Amino acid sequence: DTQYPSEIREYLYKILVIGDLGTGKTSIIMRYVHNIFSMNYKSTIGVDFALKVIQWSPDTVVRLQLWDIAGQERFGNMTRVYYKEAVAALIVYDVTRPKTFEAVAKWKADLDSKVSLPASWGGGPIPVVLLANKMDLAEPAHPVDVEALDNFCEDNGFLKWFGTSAKDNNNIEEATRFLLTEIMAAE
Ligand code: GTP
Ligand code: MG
């Protein structure tokens, strides 16, 4: 007969998805949560939300509350409110537009100045993963410098970077699973 775990543990985590305009934040979330993709660009106004429920292990369920923050919000004054109580973040740039990579450090600085882990988790900056998105468009016109990105992550307090494509559904699962593993270890 079937063995049921005696106790199901449930976790709720707030994860931020930030980065400049049009880098693919909404597309990454739509791919991750609903497995859909559209080439139509509808810029996010303010913030959107999505929930992903993950059966992490037989006795552990994780609810990921994804906060999809509009790129234009970097110039607004609401990010402090949006960042509140987040335990991790994905920062997204577009591999075809170097300016969006230049903005990554600005997003990270904004994040670190406005949110940190709860004291019960030891405080400190929240874990952040960098997503180099639109990898389907990278070669040959926009090659990605792996070593430079590795160094950038090490120098700027990113756990790791992943090359992703919301269009091709590449590496989004992997990146979020990695981030989640870090969160679960931190708690
Ligand atoms: P804001 O809400 O304005 O901050 O933008 P965003 O970061 O949410 O970008 P969004 O997901 O709306 O994507 C912008 C455009 O890029 C859309 O036309 C998407 O179809 C396209 N796009 C997103 N991800 C990819 C990808 O991996 N590959 C390609 N080729 N296009 C993508
Ligand atoms: Mg958006």
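Just so it is clear, the values below take in all heavy atoms, side chains as well, and ignore hydrogens, waters and symmetry mates. Values in this document were obtained by computation on a predicted structure and should not be read as measured data. Ligands are counted one by one from 1 in listed order, and the atoms in each one are counted from 1 as well.
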Give a yes or no on whether [X] atom [atom1] has more than 12 heavy-atom contacts from other residues, nucleotides or ligands under 6.0 Å away.
X      : atom1 : result
Glu174 : CD    : yes
Lys52  : NZ    : yes
Lys84  : NZ    : no
Asp145 : CG    : yes

Protein residue, atom and distance nearest to [atom], heavy-atom basis:
atom                    : value
atom 20 (O) of ligand 1 : Ser38 O, 2.6 Å
atom 18 (O) of ligand 1 : Met39 O, 2.8 Å
atom 5 (O) of ligand 1  : Gly22 N, 2.9 Å
atom 10 (P) of ligand 1 : Ser27 OG, 3.6 Å
atom 9 (O) of ligand 1  : Gly24 N, 3.1 Å
atom 7 (O) of ligand 1  : Lys25 NZ, 2.7 Å
atom 16 (O) of ligand 1 : Lys134 NZ, 3.0 Å

Distance-only N or O hit between ligand 1 and [X], under 3.5 Å:
X      : value
Thr23  : yes
Met135 : no
Lys42  : no
Gln72  : no
Ala70  : no

(Q) Rounded to the nearest 10°, what angle sits at the Mg ion (ligand 2) between OG1 of Thr26 and OG1 of Thr44? (A)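 Answer comes to 90°, rounded to 10°.
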Q | Nearest heavy-atom neighbours spanning Pro58 and Ile8 | A |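 Pro58 and Ile8 have their closest heavy atoms at O-CD1, 3.8 Å.
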Q. Can we say Lys25 and Asp68 salt-bridge, meaning some charged N sits less than 4.0 Å from an Asp/Glu carboxylate O?
A.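 Looking at Asp68 together with Lys25, the answer is no, because their closest N to O distance does not fall below 4.0 Å.
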**Q.** Main-chain N/O of Val87 paired with Lys14 side-chain donor or acceptor, under 3.5 Å
**A.**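 Here the side-chain-to-backbone pair does not exist.
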Q: Identify the residue among Arg9, Glu10, Gln55 that makes a side-chain hydrogen bond (donor to acceptor under 3.5 Å, both in side chains) with Thr60.
A: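 Exactly one candidate clears the test, Arg9.
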Ligand 1 contact on [X] by region, counting heavy-atom pairs under 4.0 Å:
X      : result
Leu137 : side chain
Ile28  : neither
Asp136 : side chain

Q) What orientation do Trp121 and Tyr13 show, parallel under 30°, tilted 30 to 60°, or perpendicular over 60°? A)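 Answer is perpendicular, since the angle exceeds 60°.
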Q: Kindly compute the distance separating CG (Asp20) from CD (Glu73), expressed to the nearest 0.5 Å.
A: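 CD of Glu73 is found 12.0 Å from CG of Asp20.
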Q. What is the distance from atom OH of Tyr41 to atom CG of Leu21, rounded to the nearest 0.5 Å?
A.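 So the OH of Tyr41 and the CG of Leu21 are separated by 4.5 Å.
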Quick check on contacts: which atoms of ligand 1 are under 4.0 angstrom from a heavy atom of [X]?
X      : result
Ser165 : 27 (O)
Ala166 : 24 (N), 26 (C), 27 (O)
Asn133 : 24 (N), 25 (C), 27 (O)
Thr44  : 1 (P), 2 (O), 3 (O)

Q: Start with the C-alpha distance between Asp110 and Lys106, add both sets of side-chain angles, then the distance that settles salt bridge (Lys or Arg N to Asp or Glu O under 4.0 Å), and finish with yes or no.
A: CA-CA 6 Å; Asp110 189 53; Lys106 295 172 187 165; over 6 Å; no
